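Let me begin by presenting the structure, written as structure tokens, before commenting on it.
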Amino acid sequence: KVYGNTGVPYRLGQGLEPLSTYAVSKVAGWGLVDVYRRVHGVRAVGLRPTLVYGPGQGFNLFTFIAQAVASGRREIELAGGAQTRDPLYIDDAAAAFVAAAMHADALNGSNLPISVGHESSVLDVAELAVRVWGGSLRVVCCPTAVRPTETMRSWCENDDARRALGWAPAVPLEEGLRRTASYLGLPNAAAPSAAQLH
């Protein structure tokens, strides 16, 4: 969110262009932390994950789809659909934060973007979630409904995080969705695909 539409893939030191009050609050939050860090001599490292999902998540694209699948809806509509996202499973995000704490001396004052490193359209993400969770509903895109605050592309290659943290994500989206199914009230997630098993 904080990068807005400044370009992808996100990289260390990339300029910020928040497009919503939510994104502005994230920029302001880091600003407060950075002032405290500089004034009081503490160490602080920022991580900027893309779309984090998994057990414990709040309402987002995945909970919206899960509710539609569970209720037996025949169709859902997405505002846009061509926007891209790079969902990061919660366990991978947590591992990155632990690694950042362990490298706080070297990275003090830095902000690193993190994600899986794979750009997918919101439509593709939604259709994969429907398949994994055993739904049969149709996903419909509404290109004219895109919000003016929408980030159109969101992903990063993880090169900076890999070098700085020795970290790389381990859970691909399909597997992460399967792990999240029971939390979202969807116990009958589809079995892994042949490609996932090899």
Side-chain angles (χ1 to χ4, degrees), residues 1-31 33-34 37 43-58 60-62 65 78-129 146-147 149-177 179-180 196:
K1 295 288 187 180
V2 297
Y3 297 114
N5 290 315
T6 56
V8 290
Y10 302 147
R11 293 187 172 89
L12 179 66
Q14 184 160 337
L16 307 181
E17 193 178 276
L19 297 174
S20 66
T21 54
Y22 175 59
V24 168
S25 71
K26 288 188 171 188
V27 175
W30 172 254
V33 170
D34 194 45
R37 175 187 71 83
R43 295 168 299 165
V45 181
L47 295 183
R48 290 174 171 156
T50 49
L51 171 61
V52 177
Y53 72 100
Q57 70 185 26
N60 62 14
L61 173 66
F62 296 114
I65 295 168
L78 300 178
Q83 312 96 303
T84 65
R85 296 295 182 265
D86 190 359
L88 180 66
Y89 189 64
I90 185 63
D91 288 3
D92 285 333
F97 277 91
V98 171
M102 294 175 67
H103 292 81
D105 285 330
L107 297 175
N108 189 23
S110 298
N111 280 280
L112 292 166
I114 58 171
S115 70
V116 170
H118 180 71
E119 183 180 30
S120 300
S121 72
V122 170
L123 172 61
D124 288 344
V125 170
E127 289 182 335
L128 176 62
V146 176
R147 299 168 297 181
T149 58
E150 188 70 79
T151 298
M152 296 310 298
R153 297 181 70 188
S154 176
W155 74 288
C156 66
E157 293 175 325
N158 288 324
D159 292 348
D160 297 318
R162 191 173 290 109
R163 284 190 294 266
L165 306 176
W167 170 89
V171 182
L173 179 57
E174 185 172 339
E175 174 60 22
L177 292 172
R179 294 185 188 184
T180 308
Q196 189 72 24

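What you see is a predicted model; the values in this text were computed from it and never measured.
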Closest approach of C156 and P9, non-hydrogen atoms and distance?
-> CA-CB, 3.8 Å
With a 4.5 Å limit on heavy-atom distance, are the side chains of P55 and I90 in contact?
-> yes
Any salt bridge between R43 and D105, counting N to O under 4.0 Å?
-> yes
Going through the checks in order, is the side-chain contact (heavy atoms from CB on, under 4.5 Å) test met by Y10 and S154?
-> CA-CA 8 Å; Y10 302 147; S154 176; 3.4 Å; yes
List the steps, then state whether side-chain contact (heavy atoms from CB on, under 4.5 Å) holds for D91 with R179.
-> CA-CA 11 Å; D91 288 3; R179 294 185 188 184; 3.9 Å; yes
What distance separates N111 CG from L16 CG, expressed to the nearest 0.5 Å?
-> 8.0 Å
Does some side-chain heavy atom of Y89 sit less than 4.5 Å from a side-chain heavy atom of T180?
-> yes
Could you walk me through whether W167 and V98 pass the side-chain contact (heavy atoms from CB on, under 4.5 Å) test, one step at a time?
-> CA-CA 10 Å; W167 170 89; V98 171; over 6 Å; no
Classify the side-chain pair T84/E119 by whether it contains a donor and acceptor separated by less than 3.5 Å.
-> yes
Hey, is NE2 on H103 packed in by over 12 heavy atoms from elsewhere, all under 6.0 Å?
-> yes
Roughly how far, to the nearest 0.5 Å, is CE of M152 from OG of S121?
-> 10.5 Å
Smallest heavy-atom separation, G80 atom then V146 atom, equals CA-CG2, 3.5 Å
Pairwise distance OH(Y3) to CZ(R48) - rounded to 0.5 angstrom | 4.5 Å
Quick check: are there more than 12 heavy atoms from other residues, nucleotides or ligands sitting under 6.0 Å from CE of M102?
-> no
How many angstroms lie between atom CG of L123 and atom CG of L128, to the nearest 0.5 angstrom?
-> 11.0 Å
When rounded to the nearest 0.5 Å, the distance separating CG of N60 from CD1 of I65 is 8.5 Å
Nearest heavy-atom contact between L78 and A126 is CD1-CB, 4.0 Å
Just grab all the salt bridge (charged side-chain N to carboxylate O under 4.0 Å, His left out) pairs involving residues 18-31, residues at least two apart or on different chains.
-> none
Nearest heavy-atom pair of F62 and L173: which atoms, and what distance?
-> CZ-CD1, 4.1 Å
Quick one: closest heavy-atom pair of R162 and E157, and the distance?
-> NH1-O, 3.9 Å
With a 3.5 Å cut-off and no angle check, do the side chains of S115 and D86 form a donor-acceptor pair?
-> yes
Could you tell me whether the side chain of D92 and the main chain of A170 form a donor-acceptor pair under 3.5 Å?
-> yes
With distance as the sole test, does Q57 use its side chain to make a donor-acceptor pair with the main-chain N or O of G54 at under 3.5 Å?
-> yes
Could you give the distance from NE2 (H118) to OG1 (T50), rounded to the nearest 0.5 Å?
-> 12.0 Å
Note, L88 side chain near I114 side chain (heavy atom, < 4.5 Å) = yes
Where do A100 and L165 come nearest, in terms of heavy atoms and distance?
-> CA-CD2, 3.6 Å
Main-chain N/O of L12 paired to Q14 side chain as donor or acceptor, under 3.5 Å | no
Sidechain-backbone polar pair: N5 side chain, T151 backbone, donor-acceptor under 3.5 Å = no
